[in-house]
Q: 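To start, I am sharing the structure in question, which I have written as structure tokens.
In the text below, chain A, chain B and the rest are named by the order of the sequence lines, each starting its count at 1.
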Amino acid sequence: MDEPAGSTQRSRVEVHMAEVVIATRAKDYAQWYQDVIAAAELAEAAGVVRGCMVVRPHGWAIWEKIQAELDRRFKETGHQNAAFPMLIPLSFLQKEAQHATGFAMECAVVTHAGLRAVDGKIELKSELEEPYVVRPTSETIIGHFFAKWIDSYRDLPLLLNQWCSVMRWELRTRLFLRTAEFWWQEGHTAHASHEDALEEVLRMLEVYRDVYENVLAIPVIKGIKTANERFAGALETYCVEALMQDGKSLQGATSHDLGQNFGRAFNVTFQNKEGVRDFVWQTSWGCTTRTIGALIMVHSDDNGLVLPPKVAPIHVAIVPIYRKDEEKERVLEVAHRIARELREDGLVVKVDDREGMKPGAKYYEWERKGVPLRVEVGPRDIEANTVVAKLRACDDQKKTIPMASLGVEVGKLLDFLQKALYDRALAFRTANTVHVDSWSDFVDVFKDERNSKFVYAHWDGTTETELAIKEATKATIRCIPLPDQGLTVEPGKCVKTGNPSAQRVLFAKNY
RNA sequence: CGGGGCGUGGCUCAGCUUGGCUAGAGCGCUGCGUUCGGGACGCAGAGGUCGUAGGUUCAAAUCCUAUCGCCCCGACCA
């Protein structure tokens, strides 16, 4: 950088004044991601527990919003919530071979029960006869209970979901994206036919798409995973994939067609209408706290977190501005009155009446926390019977709004932002999606470490080629897009081998 | 789990190479006063077993060993 002498010193002072420093995306994307989380007080590494995170109140509030949107849709589609043990007998995990090997490396295991004090030191007391695995997912233990509960076709479909945390002993962790413990929901259903199960798989995939696009304002591609990327123990894994600002893909949610694999493993059988006993057809589907990572990486900017109004824990922050005590009294009264009015419209409103903090400092704080709309109220506004409003992103202009139409205007602004964020994310994806037909072009697209893309290219359908492409470019097949995803299904030649290909698939580097 | 980096008040760091004063700074925090339409200022304060455990030494934040945690790259994965 060609900076004039002394400017480093000056900018250092500014950084200190800024109090919270967020790296820019262009300079260090990974650092920026962590800074946004810290600055918005979403979460932090537990530190005392390897690989685990503490989700702080503001982060958890976002998760609660996501949960509420998903849960409502699960109920609307006939599912009930339940809870199963966090500990799973080791023997259960072994019953489905694919499943067992898929999760073997990442299981935490409970081997002891009880503690005892020996010479003032705490020791493990008794070793368990059969160790328990801390659930990495619950197909096995739920399979066990399905076997108990299901006997007739009249018991089907059985449509359950549980909200819980699971543990996978990850070797490399990143807040929200990959931690040892994470929070999620896992749906588990049993059906009388493969057709019914498949319908369920697609129904729930559509729920995820709906929440991603209409609530989180994140456009997604629906698709099927390749054999290589499939859930351990599934016949087929469906997913929604989203493009992050650094060009990498993030799997937003998955929905699995488990076929009869777990039915066989756990002997989950039922008598059909003809009196013949058969194994049930199962599905499972899940969405995790990783979604918050997607929210950060799709919408947020160098000033911090940006949240679509529908998942913002606080919709409006009102900053009062005053000099003298008598101004303060009048301004706060109006601020609280406005807050009451907006709350009647169902909005969560915060009046920031903290003393000893300049308005500007408050603006920056609410901005880095992702509050969609800031309203400023000062003596001039009261005089003119207006307020000043500023959206967090997608519109840099402050707006002056008549007090009388505040409720309507705030609603409009929030709707505008919700849509603008989606449009912006979609435009970004469109601009960063390419069709590639030659191997040299393919390699070229993924050469840049800092900015990759969504690439639609032909693939010959073999795991061998898939792995060779990954080896050469670090890009993997994120999914085979479903026919309704706007991609023309046409045959061609594999970008790597030249062998026949039925359709293009989505390649990207991924999280 | 392999390679690399880093652990010093709440945060960002200086001090370590070459062991030795009472372990410092800025920001933040507390109190008081003045301020307040985009990150305020003055004065007075509080706050640290230098990640942890051993070792070397008359003496360790500093040297050695082990260990834990975090960050980056890789392999693996939601």
Q: Roughly, in whole Å, what's the span from CE in A/Met357 to P in B/C41?
A: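 To the nearest whole Å, that distance equals 14 Å.
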
Q: Do A/Arg174's NZ or CZ and the ring of A/Tyr33 fall within the cation-pi criteria of under 6.0 Å and 45°?
A: yes

Q: May I ask you to say what A/Glu376 touches in the nucleic acid, namely base, sugar-phosphate or nothing, with a heavy-atom cut-off under 4.0 Å?
A: base

Q: Between A/Arg392 (side chain) and A/Glu367 (backbone), is there a donor-acceptor pair under 3.5 Å?
A: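 Such a contact is found between A/Arg392 side chain and A/Glu367 backbone.
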
Q: Nearest to the A/Asp381 side chain among B/G74, B/G37, B/G69, which nucleotide is it?
A: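 Selected nucleotide (nearest to the side chain): B/G37.
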
Q: Which residue, A/Phe231 or A/Val387, contacts RNA chain B at a nucleotide closer to its 5' end, judged by nearest heavy atom?
A: A/Val387

Q: Please give, in whole Å, the distance from B/C11 C1' to A/Glu41 CD?
A: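 About 12 Å, once rounded to whole Å.
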
Q: For A/Lys390, which contact category applies under a 4.0 Å heavy-atom criterion: base, sugar-phosphate, or nothing?
A: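 Contact class for A/Lys390: base.
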
Q: What is the distance, to the nearest angstrom, from the CZ atom on A/Arg50 to the C1' atom on B/U67?
A: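 Value for this atom pair: 13 Å.
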
Q: Would you kindly give the CD-to-P distance between A/Glu365 and B/G28, to the nearest whole Å?
A: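 From A/Glu365 CD to B/G28 P: 13 Å.
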
Q: Which nucleotide sits closest to the side chain of A/Glu170: B/G69, B/C76, B/G38?
A: B/C76

Q: Distance alone, cut at 3.5 Å: any donor-acceptor contact between the side chains of A/Thr462 and A/Glu464?
A: no

Q: Considering every strand and a 4.0 Å limit on heavy-atom distances, what is the contact class for A/Thr179: base, sugar-phosphate, or nothing?
A: base

Q: Tell me whether the side-chain N/O atoms of A/Gln34 come closer than 4.0 Å to OP1 or OP2 in B/C70.
A: no

Q: Any donor-acceptor pair under 3.5 Å between the side chain of A/Arg374 and the base of B/G38?
A: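 Looking at the base of B/G38, it does pair with a donor or acceptor on the side chain of A/Arg374 (distance under 3.5 Å).
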
Q: Taking for each residue the nucleotide of RNA chain B bearing the nearest heavy atom, is the 5' side occupied by A/Lys324 or by A/Arg168?
A: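 By nearest-heavy-atom nucleotide position, the 5'-most residue is A/Lys324.
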
Q: Under 4.0 Å between any heavy atoms, over every strand shown, what does A/Lys362 touch: base, sugar-phosphate, or nothing? Just pick one.
A: nothing

Q: Any idea which of B/G74, B/G69, B/G37 is nearest the A/Pro379 side chain?
A: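 Selected nucleotide (nearest to the side chain): B/G37.
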
Q: Applying a 4.0 Å non-hydrogen cut-off, can you work out what A/Val388 is touching in the nucleic acid: base, sugar-phosphate, or nothing?
A: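 Base contact - A/Val388 has a heavy atom under 4.0 Å of at least one base atom.
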
Q: Should A/Glu327 and A/Arg323 count as an ion pair when the cut-off is N to O under 4.0 Å?
A: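 No, A/Glu327 and A/Arg323 are not salt-bridged.
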
Q: Nearest to the side chain of A/Tyr364 - B/G38, B/G69, B/G37?
A: B/G38

Q: Has the side chain of A/Lys358 got a donor or acceptor atom sitting under 3.5 Å from an opposite partner on the base of B/G37?
A: no

Q: Please pick, from B/G38, B/C72, B/G39, the nucleotide with the shortest atom-to-atom distance to any side-chain atom of A/Ala30.
A: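 The answer is B/C72.
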
Q: If pairing requires Watson-Crick or G-U wobble contacts with both distances under 3.5 Å, which nucleotide is the partner of B/C76?
A: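 Partner of B/C76: none found under 3.5 Å.
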
Q: Has the side chain of A/Glu367 got a donor or acceptor atom sitting under 3.5 Å from an opposite partner on the base of B/G39?
A: no

Q: Using a cut-off of 4.0 Å on non-hydrogen atoms, how would the nucleic acid contact of A/Gly293 be classed: base, sugar-phosphate, or nothing?
A: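 Touches nothing.
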
Q: With both distances under 3.5 Å as the test, what is the Watson-Crick or G-U wobble partner of B/U67?
A: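 Paired with B/G51.
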
Q: For B/U52 and B/C68, measure between their C1' atoms and round to the nearest Å.
A: 7 Å

Q: Give a yes or no on whether a salt bridge exists between A/Arg203 and A/Glu206, defined as a side-chain N under 4.0 angstrom from a carboxylate O.
A: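 Answer for the salt bridge query: no.
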
Q: Of the nucleotides B/G38, B/G74, B/G39, which has the atom closest to the A/Tyr363 side chain?
A: B/G38

Q: Any side-chain N or O of A/Lys470 below 4.0 angstrom from OP1/OP2 of B/C76?
A: yes

Q: Please state how far atom CD in A/Gln397 lies from atom P in B/G38, giving the value in whole angstrom units.
A: 15 Å

Q: To the nearest angstrom, how far is A/Glu326 atom CD from B/C36 atom C1'?
A: 14 Å

Q: In whole Å, what is the span from the CG atom of A/Asp28 to the P atom of B/C6?
A: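 Going from CG in A/Asp28 over to P in B/C6 covers 17 Å.
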
Q: Report the distance from atom CZ of A/Arg323 to atom P of B/U35, rounded to the nearest whole Å.
A: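 Taking CZ of A/Arg323 and P of B/U35, I get 10 Å after rounding.
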
Q: Is the terminal nitrogen or CZ of A/Arg374 (NZ for Lys, CZ for Arg) located under 6.0 angstrom from the six-membered ring centre of A/Tyr363 and within 45° of that ring's axis?
A: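 Cation-pi check for A/Arg374 and A/Tyr363: passes.
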
Q: Does a side-chain N or O of A/Arg380 approach OP1 or OP2 of B/G37 to a distance below 4.0 Å, or not?
A: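 So the side-chain polar atoms of A/Arg380 never come under 4.0 Å of the phosphate oxygens OP1 or OP2 of B/G37.
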
Q: Mind checking if A/Leu177 touches a base, just sugar-phosphate, or nothing, with heavy atoms under 4.0 Å?
A: base

Q: Have A/Thr386 and A/Thr400 got a donor and an acceptor in their side chains that come within less than 3.5 Å?
A: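 Short answer, no.
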
Q: Could you check whether A/Lys474 gets within reach of a base, just the sugar-phosphate, or nothing at all, counting any heavy atom under 4.0 Å?
A: sugar-phosphate

Q: What nucleotide among B/C72, B/G37, B/G74 has an atom nearest to a side-chain atom of A/Pro359?
A: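 The answer is B/G37, which lies nearest to the side chain.
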
Q: What residue pairs, at least two apart or across chains, pass ring pair (Phe, Tyr, Trp, His ring centres under 6.0 Å) with a residue in residues 215-240 of chain A?
A: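 Listed by first then second residue: A/His99-A/Phe231, A/Phe103-A/Phe231, A/Phe231-A/His256.
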
Q: Scan A/Gly47 against the nucleic acid and name what it touches under 4.0 Å (heavy atoms): base, sugar-phosphate only, or nothing.
A: sugar-phosphate

